[in-house]
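Data block below; observations after.
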Amino acid sequence: MTDVSPTRTGGLTPGQRERFERLRRTRSLAELADVTAAPDEHAAYLAAKREWRALQERRLDPTTGPGVPGTTVRVGDREFHVHGITHADTDAERSFLREHVAEFLDSGASVYCEQGIWRMYFPDFDRACEMDDYRWAMQRCRDLDVDSHLADLPGNFEGLLEDVDSLTSELQDAVFSLVEDGNGVYGTTLERALGDLASDFLTSHEGLATGDDYESFKLTKRAAADPSHLVHLQYYYRTTFLPQPLEREWLRRHDPELELLTHARNERMADYGMSHTGPGDTVHLVVGAAHQPGIEYYLDRFDAGDRTLVDFELTE
């Protein structure tokens with residue numbers, strides 16, 4: 001069960017709550033076309049993204065508080081705290097996370113990190129652990145014989161060779177940076193308009209499912225410099241992403257490898273966290289902010305009894 005602490009009480013009318021639940025329960029793009037009365041699945045996906053974001057922005061508040069922001073999900077008597085970060089390797093984020101992760105460990109909680117984050121921020125934290133999510137995704141690519149446009153990683157995973165969370169092109173970064181840098185010249189209103197225009201022009205079908213646009217670019221950059229803004233980056237992804245089955249089907253149709261390297265890893269990290277914990281445990285998962293909503297989704301599925309670990313195996 002997801003903690004409702006970041007939810008705005010009474011944010012939705014009864015009709016809106018019913019609509020939100022209908023979208024939340026939708027499991028395929030074909031079903032989504034019926035739900036949205038769109039002419040095809042492509043139009044249904046785009047329409048649902050707009051509607052979902054409007055509903056989520058009414059439901060959720062980007063409330064700040066002490067410590068590392070995140071979502072709390074209870075699975076039976078286990079308590080999972082999912083903390084979405086930038087993992088931009090900045091001194092500000094490193095200092096912020098190390099202080100609070102040390103507190104988590106001192107309190108007796110377990111800490112599991114998205115693969116690469118432990119080596120980036122916690123190499124001397126023996127009790128913080130690195131998950132196997134990226135290694136698992138690369139193995140799945142090989143098993144399914146998916147054509148790869150990414151360099152493989154060494155078995156010991158000495159570092160991230162690719163930014164698999166965004167795969168943003170150099171052109172996109174350059175354009176987004178120009179828009180942001182011009183804010184002082186033409187003001188915030190025009191900056192937003194130019195950012196939206198650049199996103200519409202540069203964001204691919206794949207980028208729609210990974211949140212790869214100007215807004216995420218700007219929020220990530222701000223949070224990397226000042227982690228107090230992480231809550232706003234998390235809020236962006238929680239309001240932008242549709243339920244996982246829909247985002248995964250859309251992305252799988254357009255780039256099956258990218259689907260394995262992004263949303264499929266959310267499922268893996270949720271499974272990993274469940275497999276390494278026991279009754280009554282408190283667990284902190286430190287992951288890229290784009291992974292937070294998906295991990296929350298799959299932990300909720302465990303709590304509902306819809307998922308098991310019957311096929312779970314560690315990757316070598």
Side-chain angles (χ1 to χ4, degrees), residues 1-2 24-31 71-82 84 110-118 128-148 150 152-157 160 164-165 209-210 241-288 290-316:
M1 177 180 66
T2 303
R24 189 177 67 86
R25 293 192 300 267
T26 303
R27 294 292 180 264
S28 70
L29 295 179
E31 182 184 356
T71 305
T72 299
V73 184
R74 292 180 176 85
V75 183
D77 62 355
R78 306 181 203 189
E79 187 171 278
F80 290 86
H81 303 273
V82 189
S110 299
V111 175
Y112 296 103
C113 304
E114 176 188 339
Q115 194 165 8
I117 287 179
W118 180 85
C129 301
E130 184 178 51
M131 294 186 279
D132 67 351
D133 52 288
Y134 193 80
R135 189 181 302 113
W136 171 86
M138 294 304 298
Q139 183 61 55
R140 292 291 293 164
C141 287
R142 288 188 289 267
D143 292 345
L144 298 177
D145 196 26
V146 174
D147 290 335
S148 177
L150 294 179
D152 200 350
L153 297 178
N156 59 2
F157 197 82
L160 287 169
V164 298
D165 290 314
T210 57
F241 287 152
L242 289 169
Q244 283 285 279
L246 302 175
E247 296 290 10
R248 290 187 66 174
E249 183 181 351
W250 173 270
L251 190 51
R252 193 159 49 241
R253 291 185 180 189
H254 292 93
D255 189 334
E257 181 195 44
L258 187 56
E259 190 273 326
L260 285 170
L261 293 169
T262 53
H263 292 299
R265 288 168 59 216
N266 300 335
E267 185 177 21
R268 179 63 180 185
M269 286 187 275
D271 289 354
Y272 191 101
M274 283 293 297
S275 73
H276 285 71
T277 59
D281 284 353
T282 297
V283 185
H284 294 268
L285 301 177
V286 183
V287 301
H291 293 294
Q292 182 177 330
I295 294 172
E296 173 188 330
Y297 174 88
Y298 288 112
L299 289 173
D300 272 334
R301 300 282 66 74
F302 274 111
D303 186 58
D306 297 335
R307 288 189 62 76
T308 70
L309 293 170
V310 63
D311 295 322
F312 180 85
E313 294 181 358
L314 290 174
T315 56
E316 297 296 330

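None of these values were measured; they are calculated from a predicted model. We use all heavy atoms of the structure for the numbers below, so side chains are in, but hydrogens, waters and symmetry mates are not.
- Atom OG1 in Thr308 sits 6.5 Å away from atom CG in Asp311 (nearest 0.5 Å).
- One distance of note links CZ of Phe80 with OG1 of Thr282; it measures 9.5 Å at 0.5 Å rounding.
- Ser28 and Glu249 form no side-chain donor-acceptor contact under 3.5 Å, judged by distance and modelled atom types alone.
- For the salt bridge (charged side-chain N to carboxylate O under 4.0 Å, His left out) criterion with Glu267, the lone passing option out of Arg248, Arg301, Arg140 is Arg248.
- Of all non-hydrogen atoms in Trp250 and Ala209, the two that sit nearest each other are CD1-CB, 3.7 Å.
- In this structure a side-chain-to-backbone donor-acceptor pair under 3.5 Å is present from Arg27 to Arg25.
- Side-chain atoms of Val287 and Tyr112, non-hydrogen and from C-beta on, never get closer than 4.5 Å to each other.
- Considering only heavy atoms from C-beta on, Arg268 comes within 4.5 Å of Asp132 through its side chain.
- The backbone N or O of Leu242 lies less than 3.5 Å from a partner atom in the side chain of Glu247, making a donor-acceptor pair.
- If you take CH2 on Trp136 and CG on Leu314, they are separated by 13.0 Å, rounding to the nearest 0.5 Å.
- When side chains are defined from C-beta on, Arg307 counts as touching Asp271, because their heavy atoms get closer than 4.5 Å.
- Here the straight-line distance linking atom CG of Leu285 with atom CE of Met269 works out to 8.5 Å at 0.5 Å rounding.
- Considering every non-hydrogen atom in both Arg265 and Ala137, the closest pair reads CG-CB, 3.8 Å.
- Note that the SG atom of Cys113 and the CE atom of Met131 stand 7.0 Å from one another [nearest 0.5 Å].
- The nearest pair of heavy atoms linking Cys141 to Leu260 is SG-CD1, 3.6 Å.
- The shortest heavy-atom contact between Glu114 and Asp133 is CG-OD2, 3.5 Å.
- Listed here is the closest heavy atom pair of Ala270 and Tyr298: CB-CB, 3.6 Å.
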- request: Verify side chain to side chain contact (heavy atoms under 4.5 Å, CB included) between Met274 and Val283, making sure each step is shown before the conclusion.
  value: CA-CA 9 Å; Met274 283 293 297; Val283 185; over 6 Å; no
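- Ring orientation note: the planes of Phe312 and Tyr272 are nearly perpendicular, at an angle over 60° on the 30°/60° scale.
- In this structure, the side chains of Gln139 and Arg135 stay at 4.5 Å or more apart for every pair of heavy atoms.
- Classification of Arg78 and Asp303 as a salt-bridged pair fails, no side-chain N sitting under 4.0 Å from a carboxylate O.
- Counting all heavy atoms, side chain and backbone alike, Cys129 lies closest to Trp118 at N-CD1, 4.3 Å.
- For the pair Asn266 and His263, the minimum side-chain heavy-atom distance is below 4.5 Å.
- In this structure, CG on Leu246 lies 8.0 Å from CD on Glu31, to the nearest 0.5 angstrom.
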